[in-house]
Amino acid sequence: MVMWVQAQRPWRRTGMKPPAPAAVGVLLALALLALIHLPPAPEHSLLPLPASSPPEPPREVAAPPSGGQAYRKRLPMPRTRLQQEQAPGRSRRQRMERDTAPWLSADDLQKMWLLSSGQVVSKTRVPAHGQIMRVRLRAEGDAEGDAKADVLTASPEGDCQDGRCGLIKRPGDLYEVLAFHLDRVLGLNRSLPAVARRFSSRLLPYSYTNGALRPIIWWAPDLQHLEDANNDQNSCALGWLQYQEMLQPHRPMLLARDAPCSSIPHSEWSRLALFDFLLQVHDRLDRYCCGFQPDPSEPCVEEMLHEKCRNPAELVLVHILVRRSAPSRLVFIDNAGRPQHPEEKLNFRLLQGIDSFPAAAVATLRSGRLQSLLQRSLRLDRELWESQGGAEGLRPLLQTIDRRAQILLRHIQEHNLTVFEDSPR
């Protein structure tokens, strides 16, 4: 009773009558009705994830100013297709992944997501590569109406120009996934995104769906190939002697302009040599195994390539590729390398003619953190991480890479080689 009297006092002081209970009920009903018809907040829109990223990494959109400041001073930027379609949960996950591995760009993470979860909608055999399959992928949320375009684009006549294709390789090529992460950790940024995956699509042969883990590599649609059918794995034809001449610091300007691969600067070969030495990839710079004594079972011996080491004029480089969109930057492909290559047979020929290396990569090798950085990066590939036994299972492999890094650093010191600052990504 006392509370009711106190509640009435303000009405008495103002000379107004207290509102009737029925009127209060009507007001509450109107308020609830207005709340029900309010539009949902845009940040909670559940929209599908795009199948592939645009050619350039998406720009980060700054958060709106607090307190409503500056809204009248500038108009809001129109949202891109990527921003409109990307699910909030995926966006938050991508930000967390970039915080964990900042060397992976938003574009890298977008392509890795497509490769790891995209639905296989068509397949194409790659000529002269029996155990490799190119597939077109449709990411979750793609319109079903794209199915016809999917089939046409991934057909032998198509070229996957929209960047939604991947190359499924052999189970023994899983090392390519590690190579991709090593490339990014070192700041080289020349290899193509790669993930490990198990496939179950009915479109694929049983050998691809039997539960074996395989690497799938993003298919770059604008790789530049020579028209020569016998040399289509290169963007330019380059022999070993020409390559060594090109690395000379004081070569004549006329020779430099007329030489094959003249659009590729010296720094690119330095990045390639460092990368190939750590992984012991011989196929590009030394497919003939001239830099070490190969075992009889080596392909270079079985194919009688090693015999050509006696005549350097016959030696050629392979897998020297660039993209039409960036003709001065090498693209590193077929990076499986040799994880078990013995230390006493390391191929130093891969470093021949190289007198400087990228400063950022060398600093990472010197930091003593290479193994831990690779662990952080590889942890994002859950399939590979679990299949190899996590940190404990991957430790011998990462220790091998680290030992090779220390040998490379010793080589740099003993030969008084220099470092150069990297150009922007």
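All heavy atoms count here, side chains included; hydrogens, waters and symmetry mates do not. Numbers for residues simply follow the sequence, beginning at 1. Quick caveat, the model's predicted, so the values are computed rather than measured.
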Determine whether a donor-acceptor pair (N or O, by modelled atom type, separation under 3.5 Å) exists between the side chain of [X] and the backbone of [Y].
X      : Y      : value
His411 : Ile407 : no
Ser263 : Ser328 : no
Arg190 : Leu188 : yes
Ser117 : Trp113 : yes
Arg136 : Gln119 : no
Ser367 : Thr364 : yes
Asn335 : Glu176 : no
Lys345 : Gln293 : yes
Arg198 : Gly211 : yes
Asp286 : Asp283 : no

Ion pair [X]/[Y], N-O distance below 4.0 Å:
X      : Y      : result
Arg284 : Asp334 : no
Glu386 : Arg379 : no
Arg349 : Asp276 : no

Which distance, rounded to the nearest 0.5 Å, do you find between the [atom1] of [X] and the [atom2] of [Y]?
X      : Y      : atom1 : atom2 : answer
Leu272 : His319 : CG    : NE2   : 12.0 Å
Trp103 : Asp183 : CH2   : CG    : 13.0 Å
Ile216 : Ile168 : CD1   : CD1   : 5.0 Å
Arg184 : His181 : CZ    : NE2   : 9.5 Å
Gln244 : Leu285 : CD    : CG    : 9.0 Å
Ile320 : Cys261 : CD1   : SG    : 7.0 Å

Do you know the tightest heavy-atom contact between [X] and [Y]?
X      : Y      : value
Val185 : Leu373 : CG1-CB, 3.9 Å
Arg376 : Pro102 : NH2-CD, 3.9 Å
Val177 : Ala194 : CG1-O, 3.9 Å
Ser270 : Ile354 : OG-CG2, 3.8 Å
Leu213 : Ser387 : CD2-OG, 3.2 Å
Gln388 : Leu174 : NE2-CD1, 4.2 Å

Next item on the list: Dump the intermediate steps for side-chain contact (heavy atoms from CB on, under 4.5 Å) on Leu226 and Ser235, then the final yes or no.
Entry: CA-CA 5 Å; Leu226 292 173; Ser235 297; 5.9 Å; no
Are [X] and [Y] side-chain neighbours, meaning at least one heavy-atom pair lies under 4.5 Å?
X      : Y      : value
Gln280 : Leu346 : yes
Leu374 : Asp402 : no
Met133 : Arg125 : yes
Phe277 : Leu274 : no
Arg271 : Leu330 : no
Val121 : Leu137 : no
Val316 : Trp240 : no
Ser377 : Leu104 : yes

| message | Would Cys289 and Cys309 count as a disulfide pair, i.e. SG atoms separated by less than 2.5 Å? | response |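 Not so, these two cysteines form no disulfide.
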task = Give a yes or no on this: more than 12 heavy atoms of other residues, nucleotides or ligands lie within 6.0 Å of atom CZ of Arg324.
result =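 Yes - once you tally the heavy atoms of other residues, nucleotides and ligands closer than 6.0 Å, there are more than 12.
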So for atom CD, which belongs to Gln131, do other residues, nucleotides or ligands contribute more than 12 heavy atoms lying within a distance under 6.0 Å?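 For Gln131, atom CD is not crowded (no more than 12 foreign heavy atoms under 6.0 Å).
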Pair Phe348 + Phe292: ring centers closer than 6.0 Å |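 No, the ring of Phe348 stays outside the 6.0 Å limit from the ring of Phe292, centre to centre.
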In this structure, is the centre-to-centre distance between the rings of Tyr243 and Trp269 below 6.0 Å?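 For Trp269 and Tyr243, the ring centres are under 6.0 Å apart.
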| field | Cation-aromatic face contact Arg164/Trp218, 6.0 Å, 45 degrees | value |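 Pair Arg164/Trp218 does not count as cation-pi.
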### Query
Sequence neighbours excluded, which residues qualify as salt bridge (Lys or Arg N to Asp or Glu O under 4.0 Å) partners of Asp355?
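Residues passing salt bridge (Lys or Arg N to Asp or Glu O under 4.0 Å) with Asp355: none at all.
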Report task. Apply the test side-chain contact (heavy atoms from CB on, under 4.5 Å) to residues Lys123 and Ser201: give CA-CA distance (whole Å), side-chain angles for both, the deciding distance (0.1 Å), then the verdict. Result -> CA-CA 10 Å; Lys123 67 180 187 295; Ser201 172; over 6 Å; no
_Pro171: which residues meet the side chain to side chain contact (heavy atoms under 4.5 Å, CB included) condition with it, sequence neighbours left out?_
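Residues passing side chain to side chain contact (heavy atoms under 4.5 Å, CB included) with Pro171: Ala212, Arg214.
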query = What orientation do His282 and His341 show, parallel under 30°, tilted 30 to 60°, or perpendicular over 60°?
reply =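 Judged by the thresholds at 30° and 60°, the geometry between His282 and His341 is perpendicular.
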With a 3.5 Å cut-off and no angle check, do the side chains of Asp107 and Gln110 form a donor-acceptor pair?
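Absent: no donor and acceptor within the cut-off.
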Step-by-step side-chain contact (heavy atoms from CB on, under 4.5 Å) determination, Cys300 to Tyr288: CA-CA 5 Å; Cys300 61; Tyr288 307 90; 5.6 Å; no
- Under the side-chain contact (heavy atoms from CB on, under 4.5 Å) criterion, do Glu383 and Val195 qualify, and how do the steps go? CA-CA 8 Å; Glu383 287 280 5; Val195 303; over 6 Å; no
